[in-house]
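Inspection log for the structure reproduced underneath, given as structure tokens.
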Amino acid sequence: MQKWVYNVIDSSFDLNIEKGVNILKKLYQNRELSWLRFNERVLEEAEDERNPLCERLTFMSIYQTNLDEFFMVRVGSLHDQMLLEDDPKENKTNMTASEQLEAIRERVRELGIRKDESYHKLMKEVEKKGIRIVSFADVTDQEGEYLHEYFEREILPLLSPYTVSKKRPFPFIKNREICATALLLTKTGKSRFGIVPCTNGMFSRLIELPESKGTYMLAEELILHFLPEVFTDYTIACKSLVRVTRNADIDADKVYDEELNYRDHMAEVIKLRRKLEPVRLEYTRDVDKKIIKSIANFFKIDKEMIFLTTAPLDMSFVFDIEDSLRHDKENFFNKRVPQKPACIDESRPLIPQILEKDKLLSYPYESIKPFLNMLSEAANDPDVVSIKMTLYRLAKQSEVVDALVEAAENGKEVDVLVELKARFDEENNIGWSRKLENAGCNVIYGLDGLKVHSKLCLITLKKGNEVVYVTQIGTGNYNEKTARLYTDLSLMTADQKIGAEAARVFNALSMGEVIKRTEHLLVAPKCLQNKVIDKIDREIQIAKDGGEGYVGVKINSLTDKKIIDKLIAASRAGVKVEMVVRGICCLNPGVKGETDNIKIISIVGRFLEHSRIYIFGKGEREEMYIGSADFMTRNTVRRVEVATPLYDKDIKDRVREAFKLQMSDNVKARELCKNGSYKYVEHTEPPVNSQEIFYEQAYKALEV
């Protein structure tokens, strides 16, 4: 243990074992608990009265869907780890899987109470706007009669109720499906368990009361109330609404079926995921503890993973409420429209402009349209001989795919790597891969054991005897929808050295390999983590030599322990480290003598911060990159990721100023404290909302 402390901290760090362990506890955060802190910041946006009402409803829904996915993936993974004999420890706080699950349960219960309170406060504000969600305690006798008739006419014929007994086994309940459940008593006193799925898609979730415009009841509440009319031969002893969350963490490679082609295999994986075991059960009525134990037994779920909530089990109905309130603009953020990039002349074809000078797009402040135009140009340009792309997540109606199909039909060689293991997008990607293949594109599906997460596009032109590359490298997916919601950067360059390395990346991928050496690009899994560490080492040496060492990073998450430890070493050497980490952050800044040269903020606001920027050094030796990789081990050593250097001075100046602006945000920024908590940045200066300022800059740029 003493040797381990010695290696992590530094060769000059001389402490006894106990003191060393205490320091380590202060330096690191557990990944899962850090993620829950991120989702707490999302909940804060739902509570923030500075946000318009309907936007707060949206954040409330995002909080819930985020938590659903957390249980499906992260908690599911921890459950799988518990099945291992040694109950392995994670490498930063040394918590076992069982210890992490215990801490998660406690934190989720705390946040659940806060979420319920926040929801009910929000709905009181919604009532002031003329919209009410009611229960049977709130309706008049006349309204009750209408609901009774509605239930018998519109809902009861469409229900599929079940009772559980020796001859009738417990039915399969779909992931996140709301069910009405009841303990049933026969006339002879025997007990049965009854269950009715409530979300079959055949009837409306929100039921409006005709005599009270704007007053609604949720369909599941109506079904629960009239359960006696469903189970007519029983007495209802107690009842509740429940929703089960199933484990979705399935390793597609481990269950690979060699009898199927890879695309068909992934289709089978999707089916398998739907049947994985439950990891959480939520219920809405505070019923007898014995009943909860019975429910746990029926669902084969740990009773500690059962959570009481007083808010609806599914918040998706809030978007219907928002539609009813769209007439009042005060309920929403001011409308913002992605602008035409000032650096691009729309009167000219784009590819020749890129050949003259690098172009950078900043979403959602600028439109993705120029990139789509570039693809369309390439599809029809007689000089273009090939287009190569990596695709991870696409829009439901993808103009990107349309352009690639057009290129293939025009005789271009089109090579597309479609990542079928993009979690929860597998089905969508399977469909697109078929369309691309049918159009004559060469489609491959990634590498064994490695997801291809890079955002890379290479257009090859033949001008006379010269081969010319135009390369696009971005931080976000080729998705027109998320380009209006996520902040991302997209570089389009004719730098031939970058293009040549991008070509090497595609050649390796087409052969099922990864490149092991690069000069310009950072390419995981072999040439990113090590190069980042080398660049931090350079800044450490600069600081030790009396110079100004500097590292600036903007990422979504920080969990890679090798990089974290190198950042700690940099701080101890006097290197100034500034970081914007939106989500998970396993490093605690501000620990005296250790991380007090590190400042970390998180920006959670109107748009999802998604761009990744790495800056090393200042002045003439400054190196700057944008790319697809967070500093997470899964990104740096278990995925194919690509980051590109920014060589154009104007673009470097622009990205540097954008990073500085985000570090000065004092409206939507929270600073990470040394104890792992977050606090809003104090208003010592005029308000700086970086996201709003970026949009203002995009609007003004066109006026110049």
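Worth knowing before you read on, the calculation uses all heavy atoms, side chains too, and leaves out hydrogens, waters and symmetry mates.
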Next on the checklist: So which atom in Asn479 and which in Ala395 form the shortest heavy-atom distance, rounded to 0.1 Å?
Outcome noted: ND2-N, 3.4 Å

Next on the checklist: Rounded at 0.5 Å granularity, tell me how far CD in Gln64 sits from CD1 in Ile62.
Outcome noted: 11.5 Å

Checklist entry - Can you tell me if Glu671 uses its side chain to pair, donor with acceptor, with the backbone of Lys679 under 3.5 Å? => result no

Checklist entry - Okay, side chain of Lys599, backbone of Val577: is any donor-acceptor separation there less than 3.5 Å? => result no

Item to check | Parallel, tilted or perpendicular, as decided by the 30° and 60° cut-offs, for the rings of His520 and Tyr647 | outcome: perpendicular

Next on the checklist: Among residues at least two apart in sequence or on other chains, which ones pass side chain to side chain contact (heavy atoms under 4.5 Å, CB included) with Pro338?
Outcome noted: Ser367, Arg484, Tyr695

Checklist entry - Within the side chain of Asn666, is there an N or O that forms a donor-acceptor pair under 3.5 Å with the backbone of Asn689? => result no

Item to check | Test: Glu40 and Arg37 ion pair at under 4.0 Å | outcome: no

Checklist entry - Does Glu44 come within less than 4.0 Å of Arg670, counting only side-chain N to carboxylate O? => result yes

Next on the checklist: Looking at every heavy atom in both Ile555 and Phe631, which two are closest together, and how far apart are they?
Outcome noted: CD1-CB, 3.8 Å

Item to check | Cationic N near anionic O, under 4.0 Å, Arg606 to Glu45 | outcome: no

Checklist entry - Taking NZ, NE, NH1 and NH2 as the nitrogens, is one of them in Lys576 or Glu578 under 4.0 Å from a carboxylate oxygen of the other? => result yes

Item to check | Tyr678 six-ring centre to Arg41 NZ/CZ under 6.0 Å and within 45° of normal | outcome: yes

Checklist entry - Hey, mind stepping through Thr493 and Asp495 against side chain to side chain donor-acceptor pair (under 3.5 Å) and telling me if it holds? => result CA-CA 6 Å; Thr493 180; Asp495 186 298; 5.2 Å; no

Checklist entry - In this structure, are over 12 heavy atoms from other groups packed under 6.0 Å from Lys652 atom NZ? => result yes

Next on the checklist: Distance check, rounded to the nearest 0.5 Å: Leu461 atom CG versus Ile351 atom CD1?
Outcome noted: 5.5 Å

Next on the checklist: Closer than 4.0 angstrom, basic N to acidic O: yes or no for Asp653 and Lys649?
Outcome noted: yes

Next on the checklist: Is the shortest side-chain heavy-atom distance between Glu413 and Asn442 below 4.5 Å?
Outcome noted: yes

Checklist entry - Should we say atom CZ of Arg326 is surrounded by more than 12 heavy atoms from elsewhere, each under 6.0 Å from it? => result yes

Checklist outcome for this item: Between the CG atom in Asn39 and the CZ atom in Phe70, the distance rounded to the nearest 0.5 Å is 9.0 Å

Item to check | Criterion side-chain contact (heavy atoms from CB on, under 4.5 Å) on Met374 and Ile459, from CA distance to verdict | outcome: CA-CA 10 Å; Met374 181 187 73; Ile459 298 170; 3.9 Å; yes

Next on the checklist: Between the side chains of Glu322 and Arg56, is the shortest nitrogen-to-carboxylate-oxygen separation below 4.0 Å, so that they form an ion pair?
Outcome noted: no

Checklist entry - How many angstroms lie between atom CG of Leu672 and atom CD1 of Ile600, to the nearest 0.5 angstrom? => result 5.0 Å

Checklist entry - So do the side chains of Ile387 and Leu458 get within less than 4.5 Å of each other, counting heavy atoms only? => result no

Checklist entry - Can you check side chain to side chain donor-acceptor pair (under 3.5 Å) on Asp560 and Thr636, steps first, answer last? => result CA-CA 8 Å; Asp560 186 316; Thr636 56; 2.5 Å; yes

Checklist entry - Does any N or O in the side chain of Thr518 come within less than 3.5 Å of the main-chain N or O of Leu521, such that one atom is a donor and the other an acceptor? => result yes

Checklist entry - Using 4.0 Å as the upper bound for N to carboxylate O, is an ion pair formed by Glu622 and Arg656? => result yes

Next on the checklist: Heavy-atom count check: over 12 atoms from other residues, nucleotides or ligands less than 6.0 Å from Asp323 CG?
Outcome noted: yes

Checklist outcome for this item: Those residues at least two apart in sequence (or on a different chain) that pass side chain to side chain contact (heavy atoms under 4.5 Å, CB included) with Asn331 are Leu53, Cys54, Lys129, Leu325, Asp328

Next on the checklist: Enumerate the salt bridge (Lys or Arg N to Asp or Glu O under 4.0 Å) contacts for residues 349-377, please, sequence neighbours excluded, ordered by first and then second residue.
Outcome noted: Arg348-Glu356, Lys357-Asp648, Lys357-Asp650, Glu366-Arg654, Lys369-Glu399

Checklist entry - Any donor and acceptor pair, going by atom type alone, linking the side chain of Thr595 with main-chain N or O of Gly590 inside 3.5 Å? => result yes

Item to check | Non-hydrogen side-chain atoms of Ser398 and Trp432 separated by less than 4.5 Å | outcome: yes

Item to check | All pairs passing ring-ring contact (aromatic ring centres under 6.0 Å, His included) where residues 452-506 contributes a residue, at least two apart | outcome: Phe371-Tyr478, Tyr392-His453, Tyr486-His610

Next on the checklist: Please enumerate all residues that pass side chain to side chain contact (heavy atoms under 4.5 Å, CB included) together with Val637, with sequence neighbours excluded.
Outcome noted: Gln529, Thr633

Checklist entry - Can you tell if the side chain of Arg612 reaches within under 4.5 Å of the side chain of Asp630, non-hydrogen atoms only? => result yes

Checklist entry - Ion pair present between Arg538 and Glu623, side-chain N to carboxylate O less than 4.0 angstrom? => result yes

Checklist entry - Which pair of heavy atoms, one from Pro341 and one from Leu361, lies closest together, and at what distance? => result CG-CD2, 3.4 Å

Next on the checklist: Test your reading of the model: is there a side-chain donor-acceptor pair from Thr390 to the backbone of Ser454, 3.5 Å cut-off?
Outcome noted: yes

Next on the checklist: Against Ser628, only a single residue in Arg639, Glu641, Lys455 fulfils side-chain hydrogen bond (donor to acceptor under 3.5 Å, both in side chains); can you say which?
Outcome noted: Glu641

Item to check | Salt-bridge criterion met for Asp48 and Arg50 (N-O under 4.0 Å) | outcome: yes

Next on the checklist: I want to check something: taking the side chain as every heavy atom from C-beta on, are Arg582 and Lys554 in contact at a cut-off of under 4.5 Å?
Outcome noted: no

Checklist outcome for this item: Residues Ile473 and Ile626: closest non-hydrogen pair is O-CD1, 4.0 Å

Item to check | Any side-chain heavy-atom pair of Val640 and Lys451 under 4.5 Å | outcome: no

Item to check | Lys481, NZ: over 12 other non-hydrogen atoms inside 6.0 angstrom | outcome: no

Next on the checklist: For Val452 versus Gly446, what's the shortest heavy-atom pair and its separation?
Outcome noted: CG2-CA, 4.0 Å

Next on the checklist: Are Glu501 and Val523 packed together at the side-chain level, in the sense that at least one heavy-atom pair is separated by less than 4.5 angstrom?
Outcome noted: no

Checklist entry - Is the shortest side-chain N to carboxylate O distance from Asp665 to Lys668 below 4.0 Å? => result no

Checklist entry - Any cation-pi pair here, Lys618 with Tyr550, using under 6.0 Å and within 45°? => result yes

Checklist entry - Excluding sequence neighbours, so at least two apart, what forms side chain to side chain contact (heavy atoms under 4.5 Å, CB included) with Pro52? => result Glu55, Phe333

Checklist outcome for this item: Output for pair (Glu419 CD, Leu447 CG), nearest 0.5 Å, gives 8.0 Å

Item to check | salt bridge (charged side-chain N to carboxylate O under 4.0 Å, His left out) between Lys660 and Glu657, worked out | outcome: CA-CA 5 Å; Lys660 286 181 180 179; Glu657 290 305 310; 3.7 Å; yes

Checklist entry - How far does CD of Glu609 sit from CD of Gln662, to the nearest 0.5 angstrom? => result 4.5 Å

Checklist entry - Shortest non-hydrogen contact from Val318 to Ser61? => result CG2-CB, 3.9 Å

Item to check | Any side-chain heavy-atom pair of Leu391 and Leu417 under 4.5 Å | outcome: no

